[in-house]
Amino acid sequence: MDPMFSDPVEEEEGSSLDLKVLVLYGLFRSKTWVLFLTGLGLVGGLVVGASMPNEYQSEARLRYVPGERDKLTDDDLAGIENVDRRGAAPGITDEIMLLENPLIYQRVAAEVGPAKILDIPDPAEMDTDSTALPARVMHALQSYLLKLRKKTIVEDSPKAKTAAWQKLRASTQLLTVRNAATIRVLVRSYSPERAQELCGALVQAFQERHREVFSAEARLEDQRKKVAEAREAYQKAESEWNDYRSTCGVFDYEAERERNEAALQSIDEKLELHKTEMLKLKASIHRYQEHIATLEPLIDVYVEPVIGPNPEYQRLSEQRADLLAEKTLLVEGSLSTRQVELRREEIEKQLEKLQKVLDETPPVNTIIPARTERRTNEEYTQTQAQLLALQAELDGVIAEIDRLEESRKAKGEERERIAECKDSHFMHRTETENAKKDLEYQQEQLAKLEKLAIAEMKGASALKPYWEPTLPLTKSGPSRLGPLLAGIALGLALGMLLAILRQLLDSHLRYPETLERAFGLRVIGVVPESRRLRNLPKEQDQDAA
């Protein structure tokens with residue numbers, strides 16, 4: 001190996017040599033392919049640019065004029081006196097945010113139809129006699145390319161409607177004019193007439209939207225209808241609640257439940273006392289009976305039977321008189337009409353039952369039957385009388401216990417009925433309260449709107465056009481330089497990539513530098529590439545022949 005070459009030098013030269021062979025020699029070797037692909041990208045960019053439809057932009061301007069109602073704050077609308085008014089009137093930025101609502105674009109798209117927004121007209125049909133020849137050629141090419149990509153638009157299709165309002169929104173710009181309460185409305189479309197029509201429709205829609213939001217007069221009638229509907233709903237809910245309460249018999253759930261519980265508790269307490277008294281009377285009777293058994297008459301004396309008023313009859317008569325007095329004093333007061341009627345029916349049933357028992361019970365009764373005694377034993381007689389009195393008192397206590405048991409059963413049934421009415425009672429009451437709250441809210445909103453209407457009479461806010469939509473004379477887009485440059489860049493990149501790959505995959509030694517690296521020898525001379533030298537072997541073969 002030549003001592004003039006050293007390994008470090010070879011490595012440094014090798015790195016630059018690889019880049020030189022790979023890029024420069026590769027591009028020179030594949031210059032035809034690079035130029036071809038670049039030209040192909042250029043043609044593709046031209047085709048893409050030509051297939052893009054022309055766009056025309058119409059412009060209109062709206063002036064925002066704030067009125068007296070815009071200066072009102074929420075406190076003012078609620079009727080609160082507020083000296084320190086911190087609420088700021090809506091400005092031009094708030095107006096633009098309001099007009100960017102997608103509902104406006106949906107409404108305009110539905111009015112003009114998806115076809116006028118999405119359909120691309122034939123550019124050749126807009127040519128006139130004054131149109132230059134290059135422009136006609138370009139329009140003819142555009143017409144051919146647009147026919148290839150043209151799609152049928154179905155007016156009633158939800159997909160077409162959605163695409164239409166989204167396209168309209170994307171093609172619309174709302175800008176402000178510096179130092180002026182003015183909104184610029186810029187709308188782009190595929191023809192001048194359509195751009196002007198869409199711009200006019202949007203301007204009208206913007207004005208209507210402004211009136212809907214800021215004009216109280218436009219919303220007063222709707223709010224009055226809402227108040228009427230809320231009042232009707234409240235009256236209906238209240239009527240249904242009253243009908244339900246009259247059917248269920250529970251007018252005030254909590255009060256009647258507490259009253260029922262108190263009555264049950266009182267009955268239980270009385271039952272407990274009467275049962276205790278009954279046990280005491282039975283014990284006393286048992287003692288007197290045992291005592292009588294120990295007493296004997298001293299002499300045999302015939303004693304006439306003692307006949308007197310029947311205690312049972314008297315007790316039943318007193319009970320009947322109490323019921324009649326209760327029925328007479330039973331009037332509406334602390335009790336409801338329904339409860340009064342139920343109590344009267346219950347008293348009537350008890351009176352009928354008592355009358356039957358009274359009819360069967362004799363007014364007088366034999367207190368002491370006839371008997372024969374040796375002598376009247378005073379102690380025996382007194383004990384016997386006391387025994388009879390205790391027995392009568394025991395019968396009265398037992399009858400009172402029976403009456404309390406029946407009353408307790410009736411109160412238990414009433415408690416079950418009240419418990420069954422609980423959920424429905426709560427539901428109807430809640431619906432009525434909600435309907436009342438809604439009515440109060442709607443009435444409050446109506447009062448605010450009426451106050452706004454009065455403020456508008458002094459000076460209403462408005463969105464007034466002072467620059468009608470223009471008819472564009474020249475197209476505003478699209479820019480076809482972008483697709484052209486993109487096509488050239490893509491073709492050039494593909495050509496360079498092809499040249500580099502071709503060099504990487506080529507294993508031949510084609511250049512002096514690669515020979516020096518491969519064998520470590522310096523190249524003394526290079527025979528230049530000549531077409532005559534390339535064809536020399538063919539000429540020698542012909543001479544030999």
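Predicted model, so just to flag it, every value in this text is computed and none were measured.
In terms of heavy-atom proximity, C199 sits nearest to V185 at SG-O, 4.0 Å. The nearest pair of heavy atoms linking L174 to Y105 is CD1-OH, 4.2 Å. Smallest separation of non-hydrogen atoms from E59 and L186: CG-CD2, 3.3 Å. Here the shortest heavy-atom pairing between A230 and L439 reads CB-CA, 3.8 Å. Heavy-atom minimum distance, F206 versus L99: CE2-O, 3.6 Å. Contact detail for V112 and I117: the closest heavy-atom pair is CG2-CD1, 3.8 Å.
The residues E312 and R315 are annotated as salt-bridged, a charged nitrogen and a carboxylate oxygen being separated by less than 4.0 angstrom.
Distance NZ/K270 to CD1/I401: 13.5 Å, rounded to 0.5 Å. To the nearest 0.5 angstrom, R344 atom CZ is 15.5 Å from K349 atom NZ. The distance from atom CZ of R320 to atom CG of L354, rounded to the nearest 0.5 Å, is 8.5 Å. Put simply, CG on L168 and CD on Q106 are 10.5 Å apart, with the number rounded to the nearest 0.5 Å. If you take CD1 on I347 and CG on L324, they are separated by 9.0 Å, rounding to the nearest 0.5 Å. In this structure, the separation between NZ on K116 and CD on E193 is 11.0 Å, given to the nearest 0.5 Å.
Counting heavy atoms from C-beta outward, Q350 and E346 have side chains that approach closer than 4.5 Å. The shortest side-chain heavy-atom distance between E261 and Q265 does not fall under the 4.5 Å cut-off. In this structure the side chain of D395 reaches within 4.5 angstrom of the side chain of Q391, judged on heavy atoms. By the 4.5 Å heavy-atom criterion applied to side chains, Q196 and S58 are counted as neighbours.
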Does the side chain to side chain contact (heavy atoms under 4.5 Å, CB included) test come out yes or no for R107 and L103, once each step is laid out?
CA-CA 6 Å; R107 185 187 306 173; L103 294 176; 5.5 Å; no
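Residue pairs meeting the salt bridge (charged side-chain N to carboxylate O under 4.0 Å, His left out) criterion with at least one member in residues 400-409, sequence neighbours excluded, are D268-R408, K275-E405, K353-E406, E400-R403.
Each of Q223, K437, R231, K226 was compared with Q442 under the side chain to side chain donor-acceptor pair (under 3.5 Å) criterion, and only Q223 meets it. Screening Q204, R61, Q207, R63 for a side chain to side chain contact (heavy atoms under 4.5 Å, CB included) with P465, the sole residue that qualifies is Q207.
Q355 CD: more than 12 foreign heavy atoms inside a 6.0 Å radius. Heavy atoms from other residues, nucleotides or ligands lying under 6.0 Å from CD of E272 number 12 at most.
In this structure, S476 contributes its side chain and E55 its backbone to a donor-acceptor pair below 3.5 Å. For D438 (side chain) and N434 (main-chain N/O), no donor-acceptor pair under 3.5 Å exists by modelled atom type. Remark: side-chain polar atoms of S239 are not paired, donor with acceptor, to backbone N or O of Q235 under 3.5 angstrom.
A donor and an acceptor atom, one from each side chain of S284 and R287, are located under 3.5 Å apart.
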